[in-house]
Amino acid sequence: MTTHPDTPTTVEYAPEQPARLEWAKHAPEVYKAMVRLETAARKGLDHKLYELVKIRASQINHCAFCIDMHTKDALAAGESVERIVQLSAWDESRHFYTAKEVAALELTEAVTVLTDGFVPDEVYDNAAKHFEEAELAQVIAAITVINAWNRFGVTCRMAPGHYRPGQYK
């Protein structure tokens, strides 16, 4: 049971599920390679845009650990709470984001949800209008890397809530 400092009542929260597997501990070379890939993928990208992409892909993939991490990192980078809150419904809240960010979010969804087997031309073309080729390649890399991290997080049931901003940098 937990007592909130601002409230005299005690609230009983659901118990935290333990991780299924500490995959990084058991596959350290894979983890190190992922960290190197992550470092390479974020080079040259605006930090706030990068975190928005990470949060949105993690929302789609239901990776609570990554949502927690990238939300905290976005806030630490100066991103607004309002834009983070609206991110789950960004398509209806486009006015919170720049045209470039919208293009990145559209691309994030298309790359993350490949149920049709391809990224639609109109989504790719819109992203290509807003990003130079080198930057577009980095955005695609960032989207791809977060999708890989999400698969580790969801499969191994990594628990959210314990991450501190910048902890893994």
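If you read the sequence from its start, that first residue is 1, and numbering goes on from there.
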query = Should we say atom OH of Tyr124 is surrounded by more than 12 heavy atoms from elsewhere, each under 6.0 Å from it?
reply = no
message = A side-chain contact here means heavy atoms from C-beta on lying under 4.5 Å apart; do Glu29 and Met34 qualify?
response = no
Pairing residues for Phe152 by the ring pair (Phe, Tyr, Trp, His ring centres under 6.0 Å) criterion, not counting sequence neighbours = Trp23
request  = Side-chain contact test, heavy atoms from C-beta onward, threshold under 4.5 Å: evaluate it for Phe65 versus Ile67 and give yes or no.
outcome  = no
key: Whether Asn61 side chain and Cys63 backbone form a donor-acceptor pair below 3.5 Å   = no
request  = Evaluate the side-chain proximity of Leu21 to Thr155: yes if any heavy-atom separation is below 4.5 Å, no if none is.
outcome  = no
key: Distance in Å, Ile84 CD1 paired with Gln59 CD, rounded so as to fall on 0.5 Å steps   = 10.0 Å
ask   = Taking C-beta and beyond as the side chain, do Gln138 and Arg42 meet within less than 4.5 Å on heavy atoms?
value = no
inquiry  = Hydrophobic clusters here meaning ILVMFWY residues chained together by side-chain heavy-atom distances under 4.5 Å, can you tell me if Leu105 and Leu45 are in one?
reply    = no
query = Salt bridge between Lys72 and Glu51, side-chain N to carboxylate O under 4.0 Å?
reply = no
task = Please tell me if the side chains of His70 and Ile146 come closer than 4.5 Å, counting only heavy atoms from C-beta onward.
result = yes
hydrophobic_cluster_shared for Val113 and Trp149, side chain cutoff 4.5 Å = no
request  = Check the side chains of His95 and Gln86 for a donor-acceptor pair under 3.5 angstrom, ignoring hydrogens and angles.
outcome  = no
ask   = In terms of side-chain heavy atoms, does Glu101 have a donor or acceptor partner in Trp90 at a distance below 3.5 Å?
value = no
request  = Side-chain contact test, heavy atoms from C-beta onward, threshold under 4.5 Å: evaluate it for Val154 versus Arg157 and give yes or no.
outcome  = no
key: Nonpolar side-chain network containing Phe118, other nodes, edges under 4.5 Å   = none
ask   = Can you name the nearest heavy-atom pair linking Pro160 to Ala64, along with the distance?
value = CB-O, 3.4 Å
task = Mind checking the CZ-CG spacing from Arg164 to Asp68? Nearest 0.5 Å is all I need.
result = 11.5 Å
Shared hydrophobic cluster, Val145 / Met69 (ILVMFWY, side-chain heavy atoms < 4.5 Å) = yes
note = Tightest non-hydrogen contact, residues Ala77 and Lys48, listed as O-CE, 3.5 Å
task = May I ask you to decide if Phe96's main-chain N or O and Arg83's side chain share a donor-acceptor pair within less than 3.5 Å?
result = yes
key: Distance, nearest 0.5 Å, that separates NZ of Lys54 from CG of Asn150   = 8.5 Å
key: Distance, nearest 0.5 Å, that separates OG of Ser93 from CD of Glu82   = 9.0 Å
message = Please determine whether residues Val111 and Ile60 belong to a single hydrophobic cluster, defined as Ile, Leu, Val, Met, Phe, Trp and Tyr linked transitively by side-chain heavy-atom distances below 4.5 Å.
response = no
task = Could you tell me the separation between the CG atom of Leu52 and the CG atom of Leu87, rounded to the nearest 0.5 Å?
result = 5.5 Å
Closest non-hydrogen atom pair between Ala76 and Pro165, with its separation = CB-CB, 3.8 Å
message = Strictly distance-based, threshold 3.5 Å: is any side-chain N or O of Tyr97 a donor or acceptor partner for the main-chain N or O of Asp91?
response = no
key: Asn126 (side chain) donor-acceptor with Glu122 (main chain) under 3.5 angstrom   = no
query = Looking at side-chain heavy atoms only, is the closest gap between Phe131 and Leu49 below 4.5 Å?
reply = yes
message = In the structure I gave you, are the side-chain heavy atoms of Leu107 and Leu136 within less than 4.5 Å of one another anywhere?
response = yes
ask   = Which atoms form the tightest heavy-atom contact between Ser80 and Leu75, and what is the distance?
value = C-CD2, 4.4 Å
Spacing of Glu106 atom CD and Thr108 atom OG1 [to the nearest 0.5 Å] = 9.5 Å
query = What's the verdict on side chain to side chain donor-acceptor pair (under 3.5 Å) for His162 and Glu16, showing C-alpha distance, side-chain angles and the deciding distance?
reply = CA-CA 11 Å; His162 305 285; Glu16 181 178 305; 2.9 Å; yes
